[in-house]
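Owing to the predicted nature of the structure, the values given are computational and were not obtained by experimental measurement. The first residue in the sequence is number 1, and the count goes up from there.
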Amino acid sequence: MSNAYSEYILTLSCPDQRGIVHAVSGLLADNHCNILDSAQYGDLNDEGATGLFFMRVHFLDEGPESDLAMLKQKFAVVGERFGMNWFIHDAAVKPRVLILVSKIGHCLNDLLYRCRSGVLPIEIPAIVSNHEEFRSLAESQGITFCHLPIENGNKAAQEAAILEMINSLKIDLVVLARYMQILSPQFCLALRGRMINIHHSFLPSFKGARPYFQAHERGVKLIGATAHFVTGDLDEGPIIEQDVERVDHAMSAQQLTAIGRDVENVVLARAVTWFVQHRILLNGHKTVVFR
């Protein structure tokens with residue numbers, strides 16, 4: 001395999017019908033592309049199924065001259081034929097991620113470490129917070145820290161400033177790393193499918209504040225965390241990843257919190273990784289995740 005070859009990732013969704021895989025693989029083969037791995041799913045059989053077909057193809061352009069623009073132009077014909085919502089991503093490009101955080105920093109620290117160590121292939125041009133706690137942490141790693149407090153009814157202006165940053169910095173993904181603010185429906189809509197939140201409980205149980213204390217009061221035996229896309233409905237967005245950890249009656253609420261934060265780190269990191277690897281496709285109120 002030559003290092004000169006370009007790697008791309010195709011993602012698509014469309015109404016399920018015969019011939020989709022044949023058309024996609026045939027077009028790639030006719031244009032000197034070699035499929036490295038492929039995954040597909042048809043949401044057809046269950047009650048409430050959307051009838052959509054989803055596909056992710058990781059391929060290598062082995063042509064004498066790699067031309068992404070030309071490949072997209074040719075694929076547009078196939079896309080129109082099947083009514084596809086499709087994208088071709090350059091696998092060599094690291095997505096740009098904006099992190100929003102408040103006063104709790106374990107998820108922020110974990111993401112920064114994974115980025116710095118090369119485990120998570122992203123660029124973090126800036127961190128935004130409504131508090132000053134993590135300015136020194138951000139600046140010690142050469143990341144711009146932007147303090148945008150929420151006070152005196154300025155929430156709309158604060159969100160507008162964040163959106164302006166997202167546009168100017170060409171941000172691909174916004175991560176709410178324990179950003180403890182309720183976002184406006186307009187802000188959520190502007191970032192539909194591009195903003196991931198980590199919720200410190202196993203949704204849909206124990207919503208709202210102090211979920212670990214709620215769980216402790218109910219004597220739960222499992223605690224967990226949920227990463228989901230953000231929508232205007234609080235904690236109701238399409239779920240991307242969840243995990244749990246076993247606990248018992250002898251543990252305090254503080255111990256549950258410590259265990260839960262470890263789970264949050266792992267769940268959020270998985271969700272961000274799958275997003276930047278273009279493995280997540282929206283399916284109505286749900287997601288398809290090609291792991």
Interatomic spacing from [atom1] in [X] to [atom2] in [Y] - rounded to 0.5 Å:
X: Glu62; Y: Ser6; atom1: CD; atom2: OG; result: 11.0 Å
X: Arg291; Y: Gln277; atom1: CZ; atom2: CD; result: 12.5 Å
X: Arg261; Y: Glu245; atom1: CZ; atom2: CD; result: 16.0 Å
X: Arg194; Y: Leu173; atom1: CZ; atom2: CG; result: 8.5 Å
X: Phe290; Y: Phe54; atom1: CZ; atom2: CZ; result: 8.0 Å
X: Leu120; Y: Tyr113; atom1: CG; atom2: OH; result: 12.5 Å

If hydrophobic clusters are built from ILVMFWY residues whose side chains come within less than 4.5 Å, do Met84 and Leu27 share one?
yes

Within one Ile-Leu-Val-Met-Phe-Trp-Tyr cluster: Leu282 and Val288, side-chain cutoff 4.5 Å:
no

At their closest point, which heavy atom of [X] faces which heavy atom of [Y], and how far apart are they?
X: Gly284; Y: Pro238; result: O-CG, 4.1 Å
X: Tyr179; Y: Leu100; result: CB-O, 3.6 Å
X: Leu163; Y: Ala190; result: CD2-CB, 4.2 Å
X: Leu98; Y: Met165; result: CD1-CE, 4.3 Å

Measure from the side-chain N and O atoms of [X] to the backbone N and O of [Y], and report whether any donor-acceptor pair falls under 3.5 Å.
X: Thr11; Y: His278; result: no
X: Asn152; Y: Asn154; result: no
X: Asp43; Y: Thr50; result: yes
X: Ser129; Y: Val101; result: yes
X: Arg56; Y: Leu281; result: no
X: Gln17; Y: Pro15; result: yes
X: Asn31; Y: Cys33; result: no
X: Asp67; Y: Met70; result: yes
X: Thr287; Y: Ile239; result: yes

Would you say Phe82 has more than 12 foreign heavy atoms packed within less than 6.0 Å of its CZ?
yes

For the NE2 atom on His131, are there more than 12 heavy atoms of other groups (residues, nucleotides or ligands in this structure) within a distance under 6.0 Å?
yes

Would you mind checking if Asp30 and Lys74 are paired as a salt bridge, meaning a charged N to carboxylate O distance below 4.0 Å?
no

Any salt bridge (charged side-chain N to carboxylate O under 4.0 Å, His left out) involving residues 140-160? Give me the pairs, sequence neighbours left out, ordered by first then second residue.
none

Can you list every pair that meets salt bridge (charged side-chain N to carboxylate O under 4.0 Å, His left out) and has a residue in residues 113-141, with sequence neighbours left out?
Arg96-Glu123, Asp110-Arg114, Glu132-Arg135, Arg135-Glu139

Does any part of the side chain of [Y], heavy atoms only, come nearer than 4.5 Å to the side chain of [X], both counted from C-beta?
X: Leu176; Y: Leu183; value: yes
X: Gln181; Y: Gln158; value: no
X: Ile196; Y: Val174; value: no

Steps toward side chain to side chain contact (heavy atoms under 4.5 Å, CB included) verdict (Phe275, Ile240)
CA-CA 9 Å; Phe275 182 94; Ile240 300 168; over 6 Å; no

Under the side chain to side chain contact (heavy atoms under 4.5 Å, CB included) criterion, do Val24 and Leu12 qualify, and how do the steps go?
CA-CA 10 Å; Val24 170; Leu12 65 89; 4.0 Å; yes

